[in-house]
Protein chains: 2
Amino acid sequence: MKKQILLYGVLLGLLIVLLKFFEYKFIIRDYAFEIYAGLIALIFAILGIWLGLKLTRKKEVIVVKEILKEVVKEIVVDKSQPFVLNEKKLTELGLTQREHEILSLIAKGHSNKEIADKLFISLNTIKTHSSRLFEKLGVNRRTQAVQKGKELRIIP
Amino acid sequence: MKKQILLYGVLLGLLIVLLKFFEYKFIIRDYAFEIYAGLIALIFAILGIWLGLKLTRKKEVIVVKEILKEVVKEIVVDKSQPFVLNEKKLTELGLTQREHEILSLIAKGHSNKEIADKLFISLNTIKTHSSRLFEKLGVNRRTQAVQKGKELRIIP
DNA sequence: AAAAGAGTCATACTTTAGGGTGATTTTGTC
DNA sequence: GACAAAATCACCCTAAAGTATGACTCTTTT
């Protein structure tokens, strides 16, 4: 926050210097003040908008205490939608493409049968995929898988 | 958007007039320009921030076409979290307290057995509740119920 | 007091999901 | 071409989930 204010101040100073400089270079003396004011207003309005946009990117801080390692980790999760796939987590978990695909279909409320029909593969295959999927996510029910998937931001 | 720009322009004009007026009233002549610039910058930065904050309040427009009544309704849903219970929908659907409670437990990934244990009631009762719940939501699987529940904002 | 709504429970039955194991086929990589 | 990873499928069995129906108890409303 202090950085922002400092940045604003410095920018304003620079701008004034710049404008004063141009004042002696060109012949825009008559409307100089209005032009300056307009320019400053424009620039700071844009900066303000940018800052405003940045401010709304709410960050949720999840504090995970790993007792075993006696280390306190802070994971900053960007909660400002829309959904951006967390590819790191995806590879970290070792989820394959197919497994990921099936997870999202599960999340959409489809039954295994429906998923099988949709992907033109056997029901058994869906079961194998989902089993492995659950194992990798450390869950044992599809509803939990969906929950975890959303939490880890690997599905929308 | 055009309103915003107009507002900015008018404000800038007013400000300049105001400042010019004060220039002849007080003796702040020496640093007048810097003060003006600073004031303008400040005001427009604040305006920008406000605008930026307003811009990020994404609104999702759901268009519901009621064919029977030949009326097109537009429901504007504010999507800028956090969860606010849509009580209207809740009563509209006729969900009872218990059913709603069970829906949220389902959404948390609990099995029927777990819910039964948690609420100290029989597994069969959970089944009856969930059945009626599904019927009211127009679904036939718990994953779909969770989806719909979130969509209708009756669960977080 | 009767009716209605909500909550509870049971029994019986069907469907879907999940776990375990093993096997075959594709596909991409060295 | 060999190898590994991914994807496919089958079979078996158990566990959950879901459907249908009927019934009992409270509580609130009429």
Side-chain angles (χ1 to χ4, degrees), chain A residues 85-152 154-155, chain B residues 85-152 154-155:
Chain A
L85 214 171
N86 188 348
E87 291 181 65
K88 213 187 296 171
K89 261 275 146 31
L90 206 58
T91 52
E92 198 181 304
L93 289 166
L95 279 197
T96 68
Q97 250 186 285
R98 217 36 163 174
E99 285 161 0
H100 184 223
E101 187 178 9
I102 284 162
L103 175 58
S104 11
L105 289 172
I106 286 175
K108 282 184 186 166
H110 294 294
S111 70
N112 288 342
K113 179 76 177 59
E114 285 169 354
I115 298 172
D117 289 347
K118 191 162 200 151
L119 301 180
F120 301 106
I121 55 181
S122 144
L123 176 60
N124 289 305
T125 308
I126 304 296
K127 287 189 179 184
T128 342
H129 281 315
S130 61
S131 275
R132 278 208 272 266
L133 175 57
F134 295 163
E135 204 178 345
K136 287 177 184 175
L137 288 176
V139 301
N140 39 21
R141 262 189 297 287
R142 48 177 54 225
T143 40
Q144 294 178 332
V146 172
Q147 247 216 156
K148 195 126 194 178
K150 295 200 174 192
E151 191 183 310
L152 301 175
I154 55 180
I155 47 170
Chain B
L85 214 171
N86 189 348
E87 291 182 66
K88 212 186 297 169
K89 262 275 146 33
L90 206 59
T91 52
E92 198 181 305
L93 289 165
L95 278 198
T96 69
Q97 250 186 286
R98 220 30 164 177
E99 286 161 359
H100 184 223
E101 186 178 8
I102 283 162
L103 174 58
S104 12
L105 288 173
I106 286 175
K108 281 184 187 167
H110 294 295
S111 70
N112 286 342
K113 180 77 178 57
E114 286 169 353
I115 297 173
D117 289 347
K118 190 162 201 150
L119 301 180
F120 301 107
I121 54 180
S122 144
L123 176 60
N124 289 306
T125 308
I126 304 296
K127 287 188 179 185
T128 351
H129 281 316
S130 61
S131 274
R132 278 207 271 266
L133 175 58
F134 295 162
E135 204 178 346
K136 287 176 184 177
L137 289 177
V139 301
N140 39 21
R141 263 189 296 288
R142 48 176 54 226
T143 39
Q144 294 179 330
V146 172
Q147 245 216 157
K148 196 126 193 176
K150 296 200 174 193
E151 191 183 309
L152 300 175
I154 54 180
I155 47 169

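In the text below, chain A, chain B and the rest are named by the order of the sequence lines, each starting its count at 1.
Here dG7(C) presents its P atom at 9 Å from CD of Glu101(B), a figure rounded to the nearest Å. The interatomic distance linking Leu133(A) (CG) with dA7(D) (C1') rounds to 14 Å, in whole Å. Atoms CD (Glu135(B)) and P (dT21(D)) sit 11 Å apart, rounded to a whole Å. The interatomic distance linking Ile115(B) (CD1) with dT8(C) (C1') rounds to 16 Å, in whole Å. In this structure, Glu114(B) atom CD and dA15(D) atom P are separated by 15 Å, rounded to whole Å. Arg132(A) places its CZ atom 13 Å from the P atom of dC9(D), with the value rounded to the nearest Å. As a whole-Å value, the separation of Ile106(B) CD1 from dG18(D) P is 7 Å. Remark: C1' of dT21(C) and NZ of Lys127(A) are 14 Å apart, rounded to the nearest angstrom.
Taking 4.5 Å as the limit, some side-chain heavy atom of Ile154(B) sits within range of a side-chain heavy atom of Leu103(B). Taking the side chain as every heavy atom from C-beta outward, Arg141(B) and Glu114(A) approach each other to under 4.5 Å.
Nucleic acid contact for Thr125(A): base, since at least one base atom lies under 4.0 Å from a heavy atom of the residue. Thr96(A) comes within contact range of the sugar-phosphate backbone alone, with a heavy-atom separation under 4.0 Å but no base atom that close. Within the nucleic acid shown, Asn112(A) comes within 4.0 Å of sugar-phosphate atoms alone, with no base atom in reach, counting heavy atoms only. Nucleic acid contact class of Thr128(B) (heavy atoms, under 4.0 Å, all strands): base. In this structure, Glu99(A) reaches neither bases nor backbone, as no heavy-atom distance under 4.0 Å exists between it and the strands shown.
With distances taken from any side-chain atom of Asn124(A) to the nucleotides dC9(D), dT8(C), dA7(D), the minimum falls on dC9(D). Picking from dA10(C), dT19(D), dG19(C) the nucleotide with the shortest atom distance to the side chain of Asn140(A) gives dG19(C). Nearest nucleotide to the side chain of Ser111(B), out of dG18(C), dG18(D), dA16(D): dA16(D). Comparing dA17(D), dG18(C), dT19(D) against the side chain of Arg142(A) picks out dG18(C) as the nearest.
At the phosphate of dT8(C), OP1 or OP2 sits under 4.0 Å from a side-chain N or O atom of His129(B). Remark: Arg141(B) is not in phosphate contact with dT16(C), judged by side-chain N or O atoms under 4.0 Å from OP1 or OP2. The shortest distance between the side-chain N/O atoms of Ser131(A) and the OP1/OP2 oxygens of dG19(C) is below 4.0 Å.
For the residue pair Ala107(A) and Ile155(A), the shortest heavy atom distance occurs at CB-CD1, 3.7 Å.
A salt bridge between Glu101(B) and Arg98(B) is present, with a side-chain N of the basic residue lying under 4.0 Å from a carboxylate O of the acidic one.
For residues 123-134 of chain A, the set of pairs meeting the side chain to side chain donor-acceptor pair (under 3.5 Å) definition, not counting sequence neighbours, is empty.
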